[in-house]
Amino acid sequence: MELNLEEILSKVKELVLKAGEKVKDAFESREIINSSIEVKHTNPTDLVTAIDKNVENYLFSSLKEIYPSFLLVGEETVSSTESQKVNLTDTPTWVIDPVDGTTNFVHGFPFVCICVGLLVKKEPVLGIVYNPVLNEMYTAIKGKGAFINNKKLPLIKNTPLQSLNKSLFMTEYGYYLGEDKVNIKVGNAKSMLTIPAHGVRSLGSCALDMCQVARGGADFYFEIGIHTWDLAAASVILRESGGAIVGYRRPEGLDNSISIVDEPFDLNGRKILCIRNCIEGKEHQSKLLGEVRKLLKDFEIESD
Ligand code: IPD
Ligand code: CA
C-alpha cells in the first residue's frame, strides 16, 4: 500500500505540537523536572525525567490510534527492555525520541527537541524534529525537500565548503563510557581544532546538531554513541537538505565504484558522520568526508 506521506506529516505535526506544549511547560515551570530526574543504565550521566516517559507514552498511544498497523520504537521503551535492541523490520515503524537533549532539559539549556521519524522498509522517509522552547520545527519527506517552520533548507545557502581548515564542525560527547572513550571523543574534537578548523560546537542534542548542518549553519557533525532514535528523524531532514550521512568507516565489501556519499548507512551502528549541502557537489562532499574519516578514531560499541 502506497502511504500518503504529506497527509501523515500534517497529522503527526499536530501531535508533535501538542507534545511540545508539555515539554515547554515543564521546561519553564521546572517543577516536574526537578522532582523526577532519574539515571538510566545506572550511569549517573545518562538522565531521564518523567516528561521523557510521559511524552513517549503520549506519542505512542496517539500514533497507535491513527496508524494501528505501524510499529513503534522509542528511546524510553527500548531502554526499559532487557536486550535494549532496536529490531527493525520492513513494516512501517515510528522511531521516537521524546526529548533529545535531556541533559539540556534538566539544566534549562534551551536546545531540546522531540524527534519523530517514520521508517518504511527500514528506510527513513519522514522526519520531524521540534524544539518547542525556541519554536523551531524541522520537517522533511523523502524526495520532497526539508523545511524549518515551512522555509526551505538549507537556510544558509551558496557558501562554498572549501576545505576542512575553513570548516565549522559539530560533535557530541554523549554520556560517560569511561576515561579511554572520553579521550577518543575529545581527541577527535582536538584533531579538528588542530587542523586547525574554524571551530567545534556542541548543542547537547545530536538531532539539533544534525538539523544545524541541514540548515547550513555548520559544515560537519560526527559522534560515536548516537542511537537510532536520535538520528532517524533528523537523517531525512539532513539528506533532504542536500547533506550526506555515513559511518566512521567504509562498509566492508562495498564496490569501489560507490562514492562515499552514496555508501549505505547503518541506522543502528552508533557512529555517524554528516556533511552539509555544498555548491561544489557530491564529489567534493565525498572527498571531504574521506579526509574527515582519516582523522577520526573510533572504538567498538554495541549496535542498537
Ligand atoms: C543524547 C543527546 C546527546 C548525544 C547522545 C544522545 P538524549 O540524547 O543527543 O547530545 O551525545 O548521543 O543519546 O539522551 O538527550 O535523548
Ligand atoms: Ca536522544
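Start at 1 and go down the list; that is how both ligands and their atoms are numbered. Hydrogens, waters and symmetry mates are skipped; everything else that's a heavy atom, side chains included, is used. Sequence positions, counted from 1, serve as the residue numbers for this chain. The structure presented is a predicted model; accordingly, all values stated were derived computationally and were not measured.
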Peer 1: So which atom in S202 and which in T171 form the shortest heavy-atom distance, rounded to 0.1 Å?
Peer 2: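 Residues S202 and T171, closest heavy atoms: OG-O, 2.6 Å.
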Peer 1: Counting each atom of ligand 1 from 1 as listed, which ones have a heavy atom of G101 under 4.0 Å away?
Peer 2: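 Close to G101: 7 (P), 15 (O), 16 (O).
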Peer 1: Can you list the protein N, O or S atoms less than 3.0 Å from the Ca ion (ligand 2)?
Peer 2: D97 OD2, D100 OD1, D230 OD1
Peer 1: Using salt bridge (charged side-chain N to carboxylate O under 4.0 Å, His left out), reason through R239 and E123 one step at a time and then give a plain yes or no.
Peer 2: CA-CA 12 Å; R239 288 201 181 107; E123 190 196 357; 6.0 Å; no
Peer 1: Which heavy atom of G247 sits nearest a heavy atom of L273, and at what distance?
Peer 2: O-CB, 4.1 Å
Peer 1: Would you tell me whether T228 and N268 have side-chain atoms, one donor and one acceptor, within less than 3.5 Å of each other?
Peer 2: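 Yes, because at least one side-chain N or O of T228 sits under 3.5 Å from a partner of the opposite role on N268.
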Peer 1: Would you check if there is a donor-acceptor pair between the side chains of E56 and T77 at a distance under 3.5 Å?
Peer 2: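 Side chains of T77 and E56: pair found under 3.5 Å.
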Peer 1: I'd like to check which ligand 1 atoms, numbered from 1 as shown, lie under 4.0 Å from a non-hydrogen atom of G204.
Peer 2: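 Close to G204: 2 (C), 3 (C), 10 (O).
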Peer 1: Which residue in the set M170, R201, Q212, R276 passes side-chain contact (heavy atoms from CB on, under 4.5 Å) when paired with Y221?
Peer 2: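 When side-chain contact (heavy atoms from CB on, under 4.5 Å) is applied between Y221 and each of M170, R201, Q212, R276, only M170 qualifies.
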Peer 1: I want to check a possible cation-pi pair here: K185 against Y173, using under 6.0 Å from ring centre and within 45° of the ring axis as the test.
Peer 2: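 Cation-pi check for K185 and Y173: fails.
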Peer 1: With salt bridge (charged side-chain N to carboxylate O under 4.0 Å, His left out) as the criterion, how do K287 and E291 come out once you've worked through the C-alpha distance, each side chain's angles and the decisive distance to 0.1 Å?
Peer 2: CA-CA 6 Å; K287 175 178 166 280; E291 289 173 16; 3.1 Å; yes
Peer 1: Should the pair K22 and Y58 be classed as cation-pi, given the thresholds of under 6.0 Å to the six-membered ring centre and 45° from the axis?
Peer 2: yes
Peer 1: Check this for me: does any side-chain nitrogen of one of D219 and K166 sit under 4.0 Å from a carboxylate oxygen of the other?
Peer 2: no
Peer 1: Where on S205 is there a heavy atom closer than 4.0 Å to ligand 1, on the side chain, on the backbone, on both, or on neither?
Peer 2: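 The part of S205 near ligand 1 is the backbone, not the side chain.
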Peer 1: Quick check on contacts: which atoms of ligand 1 are under 4.0 angstrom from a heavy atom of D100?
Peer 2: 1 (C), 2 (C), 7 (P), 8 (O), 9 (O), 15 (O), 16 (O)
Peer 1: Any idea which atoms of ligand 1 are less than 4.0 Å away from a heavy-atom of G174?
Peer 2: 11 (O)
Peer 1: What are the two closest heavy atoms between P124 and A232, and how far apart are they?
Peer 2: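 Heavy atoms of P124 and A232 come nearest at CB-O, 3.8 Å.
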Peer 1: Under a 4.0 angstrom heavy-atom cut-off, which atoms of ligand 1 come close to E223?
Peer 2: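 Contacts of ligand 1 toward E223, numbered from 1: 4 (C), 5 (C), 11 (O), 12 (O).
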Peer 1: Can you confirm whether the side chains of D100 and S205 place a donor and an acceptor under 3.5 Å from each other?
Peer 2: yes
Peer 1: Check K122 with D90, please: is the shortest side-chain N to carboxylate O separation under 4.0 Å?
Peer 2: yes
Peer 1: For ligand 1, which atoms, with element, lie under 4.0 Å from some heavy atom of E75?
Peer 2: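 Here the atoms of ligand 1 in question are 14 (O), 16 (O).
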Peer 1: Run the numbers for me: atoms of ligand 1, each under 4.0 Å from some heavy atom of D97, listed by number.
Peer 2: 16 (O)
Peer 1: Are any of the N/O atoms on H227, whether in the backbone or the side chain, positioned under 3.5 angstrom from an N/O atom of ligand 1?
Peer 2: no
Peer 1: Could you tell me which atoms of ligand 1, counted from 1 in the order shown, lie closer than 4.0 angstrom to a heavy atom of V99?
Peer 2: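 Numbered from 1, ligand 1 contributes 16 (O).
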Peer 1: I want to know if ligand 1 touches T103 in the polar sense, i.e. an N/O pair below 3.5 angstrom.
Peer 2: no
Peer 1: Using a 4.0 Å heavy-atom cut-off, say whether D230 meets ligand 1 through its side chain, its backbone, both or neither.
Peer 2: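 The side chain, only.
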Peer 1: Under 4.0 Å, heavy atoms only, figure out whether ligand 1 is touched by the backbone of D52, its side chain, both or neither.
Peer 2: neither
Peer 1: Can you find a non-hydrogen atom of N104 under 4.0 Å from ligand 1?
Peer 2: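 Flag not set, N104 not near ligand 1.
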